[in-house]
Structure formats: structure tokens, C-alpha cells
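This report refers to the structure that appears directly beneath it.
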Amino acid sequence: MAKIRFFPPCVAPSLAEVANWCGAALASELDASRVISDVAALDQAGSGDLTFLDNSRYLYAFRSTRAAAVLVAPRHVDATPSTCAALITREPYRAMAMVMAKLYPGAVRPGSVFSETGVSPAAFVHPSARLEAGVVVDPGVVIGRGAEIGAGTIIGANAVIGPEVRIGRDGAVGASTTIVAALIGDRVIIHPGAHIGQDGFGFALGPRGHLKVPQIGRVIIQDDVEIGAGVTIDRGANRDTVIGEGAKIDNLVQIGHNVVVGRHAILVSQSGVSGSSTIGDFAALGGQAGIAGHLKIGVGAQVAAAAGVMTDIPAGERWGGAPAKPIREFFREVAAVKQLAAGKTGGDSKPE
């Protein structure tokens with residue numbers, strides 16, 4: 001099979017340029033003119049590649065890497081192989097991300113799959129919709145009455161943008177995404193198959209049947225948010241569902257009506273937030289974590305993977321388990337159960 005590069009590097013910088021891009025310091029100025037042609041993992045890098053070390057558990061691979069250069073923290077610089085140039089930075093992973101954004105700009109946000117440069121003749125745009133200059137619309141897109149889309153934004157194939165929706169500038173909407181009843185800021189990336197602004201799950205339950213409650217709110221998505229593939233964000237019932245600036249939402253996350261997700265919060269894949277809960281700024285939900293309704297997860301709190309949260313979590317705390325509890329308490333309980341399973345109860349009784 002032919003080797004196909006979906007994201008080839010667009011430049012071949014010198015190490016001096018690389019250091020300037022990410023704020024790293026060269027261990028030796030003699031390496032400043034060396035050229036990087038690509039990036040690779042520690043164990044796969046070759047003589048023209050840049051790599052990085054951010055986790056000490058990979059020191060074994062670092063010591064034997066054949067990379068031309070490495071982004072490395074000061075504490076590990078002495079382990080750098082003699083054939084490898086060291087670029088010293090306190091945050092190697094973050095520095096690598098900055099370098100890769102320069103080398104592979106096409107991988108930073110989704111582009112047109114049909115190489116369109118404007119509005120495809122196979123798209124359906126309502127006459128009253130307003131698209132600023134530089135908007136790219138792929139085939140099969142439907143843009144509804146009165147919708148507005150800002151300059152530089154890309155709308156992927158077969159996406160549906162509902163009436164009066166607002167989407168800011170320099171964003172990207174992935175293929176087959178649907179967006180209704182939503183106001184979206186600048187530089188927002190929405191990956192394929194996300195669904196935003198549909199009805200929240202609202203019913204007045206009763207013995208005579210369940211009466212649907214009209215969902216009349218909106219979804220507000222602030223600037224610099226990224227939303228993964230298959231995410232569903234329900235519009236508010238009687239207020240807005242809000243996704244705060246810089247929040248990052250992984251694939252297959254469910255966000256219920258009236259939820260407020262704080263600035264720069266992280267929601268990992270398959271987590272779910274029930275209606276009217278609040279996730280604080282810089283809080284993080286691990287994969288498959290579930291948040292019950294009407295709760296408050298405090299600023300900077302962390303919820304472990306697969307946790308089931310049924311009470312508020314104070315700011316800055318780490319919780320895990322189902323039902324969730326402070327992480328130290330959870331680990332003590334796990335250890336106690338393990339001892340019981342092994343027959344180490346601490347008592348002198350013996351089975352009859």
C-alpha cells in the first residue's frame with residue numbers, strides 16, 4: 001500500500017526557528033542551523049525528526065532515540081543522547097504543540113473535504129442568510145433563514161445550520177453536524193456528527209402519561225471552544241445552556257438542558273452532565289463520568305473516570321467512585337474491599 005501523508009509538513013525549519021516558535025532554549029548554539037523535516041515519537045524518530053520527552057516513564061526510549069532534536073525539560077536534559085540536539089523547555093508537550101501548529105497548519109482545524117474555496121453550488125443557502133467573505137461551504141450543506149456565519153469559517157458537507165443561528169469567525173463545523181437555536185463565538189471547532197441545540201429531555205411525568213415540556217432556551221458557545229465528534233448539547237428549557245470560553249469537550253459527550261460548563265473546563269469522552277448542573281471553570285470530568293442533575297462541580301475540581309456524581313463537589317477537590325466521594329476516601333474503600341476479598345479482615349475468627 002502506498003504511503004500517504006494526510007498532513008505533510010509545510011516547512012522545514014532550523015532549530016533556531018523551532019526554538020523561537022515555542023520559547024525553548026538550545027542547549028548548544030552550534031545546533032542552531034540544523035534543519036527539522038518532520039516530527040515523530042521517541043522510538044520512531046529518525047535523523048531529520050523532532051521529538052519530545054514529557055513523561056519520565058519514557059526515559060528508556062529517550063536514551064536510545066535517533067531523533068535529530070528533542071524538546072526536553074531541564075530535569076531530563078542530561079539524559080539526551082549525544083547525537084540529539086536538546087531544546088530545553090519547562091513544558092515540552094505544550095512546546096511540541098506550538099511547533100506542530102506551525103509545521104502542520106492543516107491539522108489545527110478541519111478543512112473543506114471537497115477543496116471548496118467559497119460556497120459550493122451543491123449547498124442550499126437560504127436567501128436571507130448572511131455569510132461574510134471567506135466562508136467556505138461544502139456540498140450538501142443546508143443553511144436556514146436568517147443564519148449568520150462569520151468570515152473564515154468552514155461548514156462541512158451535509159451540515160445543517162438552522163434558522164437565525166449565529167456562528168462567529170474562523171471556526172469550523174464538521175460534516176453532518178446539526179446546529180439549531182444556538183449562538184456560537186469565534187474560533188470554535190465542532191467536529192463531525194455533533195448535534196447542538198435540539199430539545200432537552202423535558203417531560204412532566206405522571207400516571208396518565210408523560211407530557212412534553214417545550215424547550216424554549218438556547219445554546220450559547222463562547223470563543224475558542226472545541227467540541228468532539230458525536231457530542232450532543234441540548235438547548236435550555238427556560239434558560240440557556242452555556243459552554244464557556246476555551247472549554248474542550250471530547251467525543252461522545254452528552255450535555256443536558258440548562259447546563260453551564262465553565263471556562264476552560266475539560267469533559268472527556270462519554271461523560272455526561274444532566275440538566276441544570278454547573279461545571280466550574282477549569283474543572284475536569286474523566287471518561288464516562290456521570291453528573292446527576294442540579295449539581296455544582298466547583299472551580300478546578302477533578303472527577304475520575306467512570307465516577308457517578310450525586311452531590312456537589314467543592315472547588316479544587318478530586319473525587320472518584322460510584323457514588324463519587326473524595327478520592328482518598330475512595331481509594332481507602334477500594335483497599336479495604338481488596339483486603340476483605342483476600343480474607344484479611346484483621347480479626348482472629350476462622351470459618352467453622
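Since the structure is predicted, the reported quantities are computational estimates derived from the model, not experimental observations. Along the sequence shown, the residues carry numbers beginning at 1.
In this structure the side chain of Ile161 never reaches within 4.5 angstrom of the side chain of Val142, judged on heavy atoms. For the pair Val39/Met100, a side-chain contact is recorded, criterion being any heavy-atom separation below 4.5 Å from C-beta on. In this structure the side chain of Val268 never reaches within 4.5 angstrom of the side chain of Ile249, judged on heavy atoms. Considering only heavy atoms from C-beta on, Pro314 comes within 4.5 Å of Trp319 through its side chain. Side chains of Leu252 and Val231 form no contact here, defined as non-hydrogen atoms less than 4.5 Å apart. For the pair Val180/Ile196, no side-chain contact is recorded, criterion being any heavy-atom separation below 4.5 Å from C-beta on. Leu205 places none of its side-chain heavy atoms less than 4.5 Å from the side chain of Leu211. At least one side-chain heavy atom of Ile221 sits less than 4.5 Å from a side-chain heavy atom of Ile227.
In summary, the side chains of Asp38 and Tyr104 do present a donor paired with an acceptor at a separation below 3.5 Å, with no hydrogens or angles considered. In the model, His257 has a side-chain atom that pairs as donor or acceptor with a side-chain atom of Gln215 under 3.5 Å. Judged purely by distance below 3.5 Å, without hydrogens or angles, the side chains of Gln198 and Asp234 pair a donor atom with an acceptor atom.
Using a distance-only test at 3.5 Å, with no hydrogens or angles considered, no donor-acceptor pair links the side chain of Thr89 to the main chain of Ala25. In this structure a side-chain-to-backbone donor-acceptor pair under 3.5 Å is missing from Asp186 to Asp223. In this structure, the side chain of Arg166 engages the main chain of Glu164 through a donor-acceptor pair within 3.5 Å. Between the side chain of Asn251 and the backbone N or O of Gly228, no donor-acceptor pair lies under 3.5 Å. Ser14 contributes no side-chain N or O that, together with a main-chain N or O of Val35, makes up a donor-acceptor pair within less than 3.5 Å. Ser271 places no side-chain N or O within donor-acceptor distance of the main-chain N or O of Ala289, the cut-off being under 3.5 Å. No side-chain donor-acceptor contact under 3.5 Å links Gln270 to the backbone of Gln288. Between the side chain of Ser112 and the backbone N or O of Asp138 there is no donor-acceptor pair closer than 3.5 Å. The backbone N or O of Gly300 lies less than 3.5 Å from no partner atom in the side chain of Asp281, so there is not a single donor-acceptor pair.
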Legend entry - Full working for side-chain contact (heavy atoms from CB on, under 4.5 Å) between Asp43 and Thr65: CA-CA 6 Å; Asp43 59 340; Thr65 188; over 6 Å; no

Inset, instruction - Determine, step by step, whether Glu333 and Lys325 satisfy the side-chain contact (heavy atoms from CB on, under 4.5 Å) criterion, reporting the C-alpha distance in whole Å, the side-chain angles of both residues, the deciding distance to 0.1 Å, and the verdict. - result: CA-CA 10 Å; Glu333 291 184 3; Lys325 53 185 68 68; 3.3 Å; yes

Inset, instruction - Before giving the answer on side-chain hydrogen bond (donor to acceptor under 3.5 Å, both in side chains), spell out for Thr178 and His195 the whole-Å C-alpha distance, their side-chain angles and the decisive distance to 0.1 Å. - result: CA-CA 5 Å; Thr178 61; His195 300 290; 2.6 Å; yes

Inset, instruction - Apply side-chain hydrogen bond (donor to acceptor under 3.5 Å, both in side chains) to the pair Ser176 and Asn158, showing each step before the final yes or no. - result: CA-CA 5 Å; Ser176 299; Asn158 298 319; 4.8 Å; no

Legend entry - salt bridge (Lys or Arg N to Asp or Glu O under 4.0 Å) between Asp54 and Arg94, intermediate numbers included: CA-CA 9 Å; Asp54 193 60; Arg94 191 177 187 90; over 6 Å; no

Inset, instruction - Decide side-chain contact (heavy atoms from CB on, under 4.5 Å) for Val137 and Ser120; before the verdict, give the C-alpha distance in whole Å, the side-chain angles of both, and the deciding distance to 0.1 Å. - result: CA-CA 6 Å; Val137 179; Ser120 169; 5.6 Å; no

Legend entry - From CA spacing to verdict: side-chain contact (heavy atoms from CB on, under 4.5 Å), Leu87, Val70: CA-CA 6 Å; Leu87 292 96; Val70 62; over 6 Å; no

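Around CZ of Arg66, the count of heavy atoms belonging to other residues, nucleotides or ligands within 6.0 Å does not exceed 12. Around the CZ atom of Arg5, the shell of radius 6.0 Å holds more than 12 heavy atoms that belong to other residues, nucleotides or ligands. Within 6.0 Å of the CZ atom in Arg318, the count of heavy atoms belonging to other residues, nucleotides or ligands does not exceed 12. Within 6.0 Å of the CZ atom in Arg169, the count of heavy atoms belonging to other residues, nucleotides or ligands does not exceed 12.
What you find for Val18 and Val99 is that their closest heavy atoms are CG1-CG2, 3.8 Å. Across all non-hydrogen atoms, the minimal contact from Gly293 to Ser277 is C-OG, 3.4 Å. Among all heavy-atom pairs drawn from Val253 and Ser269, the shortest one is CG2-CA, 4.2 Å. The two residues Cys22 and Leu71 make their nearest non-hydrogen contact at SG-CD2, 3.9 Å. The two residues Thr153 and Ala172 come nearest to each other via the heavy atoms CG2-N, 4.4 Å. Contact record, Ser37 with Asp49: OG-OD1, 4.5 Å, taken as the closest heavy-atom pair.
Between Ile243 and the choices Val259, Ile255, Ile220, the side chain to side chain contact (heavy atoms under 4.5 Å, CB included) rule is met once, by Ile255.
No chain of hydrophobic side-chain contacts below 4.5 Å, direct or via other Ile, Leu, Val, Met, Phe, Trp or Tyr residues, connects Ile155 to Val113. Cluster membership check: Leu183 does not share its hydrophobic cluster with Val225, using side-chain heavy-atom separations under 4.5 Å among Ile, Leu, Val, Met, Phe, Trp and Tyr. At a threshold of 4.5 Å between side-chain heavy atoms, the hydrophobic network of Ile, Leu, Val, Met, Phe, Trp and Tyr places Ile167 and Val125 in one connected group. Cluster annotation: Val119 and Val173 are assigned to the same hydrophobic cluster (Ile/Leu/Val/Met/Phe/Trp/Tyr, side-chain heavy-atom contacts under 4.5 Å, transitive). Residues Tyr93 and Phe282 do not share a hydrophobic cluster, clusters being chains of Ile/Leu/Val/Met/Phe/Trp/Tyr side chains in contact below 4.5 Å.
Here the CZ atom belonging to Arg239 is positioned 11.5 Å from the CD1 atom belonging to Ile216, to the nearest 0.5 angstrom. Rounding to the nearest 0.5 Å places CD1 of Ile291 at 11.5 Å from OG1 of Thr278. Atoms CG and CG, from Leu285 and Asp250 in turn, are 11.5 Å apart once rounded to the nearest 0.5 Å. To the nearest 0.5 angstrom, Asp312 atom CG is 5.5 Å from Leu295 atom CG. To the nearest 0.5 Å, atoms OG (Ser276) and NE2 (His294) are separated by 4.5 Å. In this structure, CG on Leu42 lies 7.5 Å from CZ on Phe62, to the nearest 0.5 angstrom.
By the 4.0 Å N-to-carboxylate-O rule, Arg187 lies close enough to Asp224 to be salt-bridged with it. In this structure, Asp240 does not pair ionically with Arg235, as no charged nitrogen and carboxylate oxygen lie closer than 4.0 Å. Between Lys102 and Glu17, none of the side-chain N atoms (NZ, or NE/NH1/NH2) sits under 4.0 Å from a carboxylate O, so this pair counts as no salt bridge.
Side-chain rings of Phe201 and Phe203 approach one another, their centers coming within less than 6.0 Å.
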